[in-house]
Amino acid sequence: MGTPRESRTDQAAEVVDRLEEAYPDSTISLRYSNRLELLIAVILSAQCTDERVNTETEHLFETYDGPEDYATAPQDELAEELNSITYYNNKAKYIRSACQTIVEEHDGEVPDTMDELTDLSGVGRKTANVVLQHGHDVVEGIVVDTHVQRLSRRLGLTEEEYPEPIERELMELVPEGYWQQFTHLCIDHGRATCTARNPDCDDCVLADICPSEKGDSEIDLASGEPW
Ligand code: SF4
């Protein structure tokens, strides 16, 4: 078990410092070339890997161009385009409905406020945060995905279980200038080392400050269960 820094604020700062050094080029891995493509890619990425989404969007973005195309696409046809993605039927419905709203209420433009974005079908706070950050350069919060959720708990930054309360706590701890990057750093470390089932604590740059470190700690603080 590592020894966390004295306060959670110091712990968060140390985590950011070390992960920034380990992953200097950390950024979003979804591919898109405009705000609508970003929105669609993020909707598709729920419970699906970015790699899979990137494979599917390559042909999707060539076939459909602009919100009217998606809004008027037959449900079966759009779902068929997405059929290797988890929950593709529902996601096709969300995309069609969100694009109908974008056409009817936003002059065909992806909205730039949290309230308007979360009013779109299939768009929760996490998706809206990603679109605001990467599509509009507006950083209103911290994107809490499964990696951020797991690492924040393992590292003793929060004891909350669900994304929204975790986000609120992290916003108190992580300096505002790092809100966007914090997510990408956690995602990179979560994929490379601090994986869900078998984290490689022996080769982790955070081991000496991580209260879940497997060498000594018997408990994975992410789940609260023994390793
Ligand atoms: S890999 Fe192990 S030591 Fe590193 S952050 Fe994850 S649980 Fe902690």
Side-chain angles (χ1 to χ4, degrees), residues 1-30 41-42 45-54 86 124-127 129-130 133-134 139-227:
M1 172 174 167
T3 308
R5 291 290 184 257
E6 224 159 78
S7 70
R8 285 184 174 178
T9 312
D10 290 349
Q11 175 81 342
E14 187 66 27
V15 167
V16 168
D17 268 4
R18 292 191 191 188
L19 293 184
E20 266 210 317
E21 203 175 319
Y23 309 99
D25 302 320
S26 191
T27 188
I28 188 167
S29 54
L30 291 170
V42 185
S45 72
Q47 320 230 354
C48 189
T49 65
D50 289 356
E51 206 179 345
R52 164 72 55 194
V53 172
N54 286 338
T86 43
R125 190 172 166 91
K126 183 180 79 165
T127 299
N129 261 328
V130 179
Q133 290 182 9
H134 292 277
V139 182
E140 274 198 22
I142 296 178
V143 176
V144 177
D145 76 342
T146 179
H147 297 286
V148 176
Q149 191 171 7
R150 183 175 73 254
L151 266 73
S152 302
R153 287 175 56 83
R154 278 186 180 159
L155 288 161
L157 296 173
T158 183
E159 287 167 20
E160 295 289 350
E161 290 182 30
Y162 297 102
E164 292 199 11
I166 290 176
E167 181 186 1
R168 280 196 294 275
E169 283 215 336
L170 290 176
M171 285 164 72
E172 298 286 321
L173 302 176
V174 177
E176 196 167 344
Y178 287 98
W179 284 2
Q180 180 168 329
Q181 204 55 10
F182 183 78
T183 300
H184 299 309
L185 293 170
C186 286
I187 291 173
D188 279 354
H189 195 56
R191 285 177 178 154
T193 306
C194 192
T195 53
R197 296 224 174 100
N198 194 19
D200 187 2
C201 298
D202 287 344
D203 193 28
C204 176
V205 294
L206 303 173
D208 63 305
I209 57 164
C210 176
S212 299
E213 194 265 327
K214 279 197 284 186
D216 293 313
S217 172
E218 308 212 328
I219 303 286
D220 171 6
L221 291 175
S223 62
E225 303 286 325
W227 285 114

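Start at 1 and go down the list; that is how both ligands and their atoms are numbered. From a predicted model like this one, the values you see are computed outputs, not experimental measurements.
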> In ligand 1, which numbered atoms sit nearer than 4.0 Å to a non-hydrogen atom of A207?
Replying inline: 3 (S)

> If we only count heavy atoms from C-beta on, is the L206 to R18 side-chain gap below 4.5 Å?
Replying inline: yes

> Looking at atom 4 (Fe) of ligand 1, what's its closest protein heavy atom, distance included?
Replying inline: C204 SG, 2.3 Å

> Can you list the atoms of ligand 1 that are under 4.0 Å from a heavy atom of P199?
Replying inline: 1 (S)

> For the residue pair G141 and E167, what are the closest heavy atoms and their distance?
Replying inline: CA-OE2, 3.3 Å

> Is there side-chain contact between Q11 and I209, with heavy atoms separated by less than 4.5 Å?
Replying inline: yes

>> With heavy-atom distances below 4.5 Å as the criterion, would you say the side chains of C201 and E213 are in contact?
In response: yes

>> Using salt bridge (Lys or Arg N to Asp or Glu O under 4.0 Å), reason through E160 and R168 one step at a time and then give a plain yes or no.
In response: CA-CA 10 Å; E160 295 289 350; R168 280 196 294 275; over 6 Å; no

>> What protein heavy atom lies closest to atom 2 (Fe) of ligand 1? Include the residue and the distance to one decimal.
In response: C201 SG, 2.3 Å

> Considering only heavy atoms, which of C194, G2, A222, G190 lies nearest to atom 6 (Fe) of ligand 1?
Replying inline: C194

>> Can you confirm whether R52 is buried at CZ, in the sense that more than 12 heavy atoms of other residues, nucleotides or ligands lie under 6.0 Å from that atom?
In response: no

>> Show me which atoms of ligand 1 lie under 4.0 Å from any heavy atom of R154.
In response: 7 (S)

> Is atom 2 (Fe) of ligand 1 less than 2.8 Å from at least one N/O/S atom of C210?
Replying inline: no

